[in-house]
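To find a chain, count down the sequence lines: A is the first, B the second, and so on, and within it residues start at 1.
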Amino acid sequence: MISVQRNDFDQHLEYTNLLSHGKTGAIVTFVGCVRDFEGDDKSFILQHYPGMTESVLNKIEEEANRRWPLIASRIIHRIGALKLDEQIVFVGVSSAHRKDAFAACEYMIDILKTQAPFWKKQGGQWVEAKSSDLEAAKLWLKN
Amino acid sequence: MNHNVNILYFASLGERLGVAKEVFNINDEKVSVGELKNMLAQRGNDWKTQLLSPTLQCALNQTISDNTAELKDGDEIAFFPPVTGG
């Protein structure tokens with residue numbers, strides 16, 4: 001399940017939703033937060049492409065479920081104005097075994113960072129895409 | 001062929017060009033994404049630099065597209081810099 005939303009999410013609630021009675025051996029979650037950046041202007045804004053954002057996140061989740069035997073998966077990405085230390089993105093998976101859970105979670109966030117149409121503006125400056133993010137995504141797409 | 005396409009400009013691109021969206025009328029037969037970029041690049045130096053940049057991304061009807069895709073009436077084209085979510 002995926003969500004694009006302004007309001008914050010509750011990690012514990014999301015964890016509980018990933019749990020499947022008797023079947024879950026492993027749950028892996030990732031949260032991306034607003035990290036401090038230079039300058040006195042600490043404004044942080046996330047722009048997105050309504051419609052395409054949701055379809056891309058859905059495709060990423062579907063592909064993760066195709067590659068690994070997952071029981072449940074969840075992606076939440078916030079939009080709008082955020083403050084330092086606030087939660088931006090949640091990626092969580094559950095499966096029978098930890099290897100699948102770790103891999104699927106990392107896959108989803110790595111691919112999201114290079115394909116999902118969001119753009120960060122911090123301190124009045126648009127953030128530039130990093131080549132290290134592109135390299136990480138490429139490794140997954142090779143296989 | 002006379003058709004209208006909806007063009008969206010996101011993030012730093014939209015800011016630099018001073019436009020978030022527009023309806024663009026195309027009079028030619030068979031116009032590709034690449035040809036649309038060339039048409040828009042005629043508007044001035046900023047447009048030329050931004051639209052012909054090798055890092056510019058494009059989505060046609062909300063799916064990533066290359067320059068060869070052909071446009072039809074009512075299509076939505078979005079131009080944007082490399083994404084920075086997550």
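In this structure, V31(A) is not a member of the same hydrophobic cluster as I109(A), with clusters built from ILVMFWY side-chain heavy atoms closer than 4.5 Å. A continuous path of ILVMFWY side-chain contacts below 4.5 Å connects V5(B) to V19(B), so both sit in one hydrophobic cluster. Follow the hydrophobic side-chain contacts under 4.5 Å out from L57(A) and you never reach F90(A); the two are in separate clusters. Under the 4.5 Å side-chain heavy-atom criterion for Ile, Leu, Val, Met, Phe, Trp and Tyr, Y15(A) and M108(A) are members of distinct hydrophobic clusters. Cluster membership check: L52(B) does not share its hydrophobic cluster with L56(B), using side-chain heavy-atom separations under 4.5 Å among Ile, Leu, Val, Met, Phe, Trp and Tyr.
Within 6.0 Å of the NZ atom in K42(A), the count of heavy atoms belonging to other residues, nucleotides or ligands exceeds 12. Few gaps surround CZ on R43(B); more than 12 heavy atoms of other groups in view lie less than 6.0 Å from it. Other residues, nucleotides and ligands contribute at most 12 non-hydrogen atoms within 6.0 Å of the CG atom of D85(A). Heavy atoms of other residues, nucleotides or ligands lying less than 6.0 angstrom from CZ of F102(A) number 12 at most. Within 6.0 Å of atom CG in N45(B), 12 or fewer heavy atoms from other residues, nucleotides or ligands are found, so the atom counts as exposed in its surroundings.
For W119(A), the parts lying under 4.5 angstrom from a heavy atom of chain B are both the backbone and the side chain. Within the 4.5 angstrom heavy-atom criterion, no atom of Q125(A) approaches chain B. Heavy atoms closer than 4.5 Å to chain A are found nowhere in Q57(B), neither backbone nor side chain. With a 4.5 angstrom heavy-atom cutoff, I64(B) touches chain A via backbone and side-chain atoms both. The contact between T114(A) and chain B is made entirely by backbone atoms, counting heavy-atom distances below 4.5 Å. Contacts between K121(A) and chain B at a heavy-atom distance below 4.5 Å involve the side chain alone, from C-beta outward. Contact of A11(B) with chain A is made through backbone and side chain together, with heavy-atom distances under 4.5 Å.
Closest approach of V83(B) to A129(A), counting heavy atoms only: O-CB, 3.8 Å. What you find for T84(B) and V127(A) is that their closest heavy atoms are CG2-O, 3.5 Å.
Of residues 43-53 of chain A, those residues with a non-hydrogen atom less than 4.5 Å from any non-hydrogen atom of chain B are, in numerical order, Q47(A), H48(A), Y49(A), P50(A), G51(A), M52(A).
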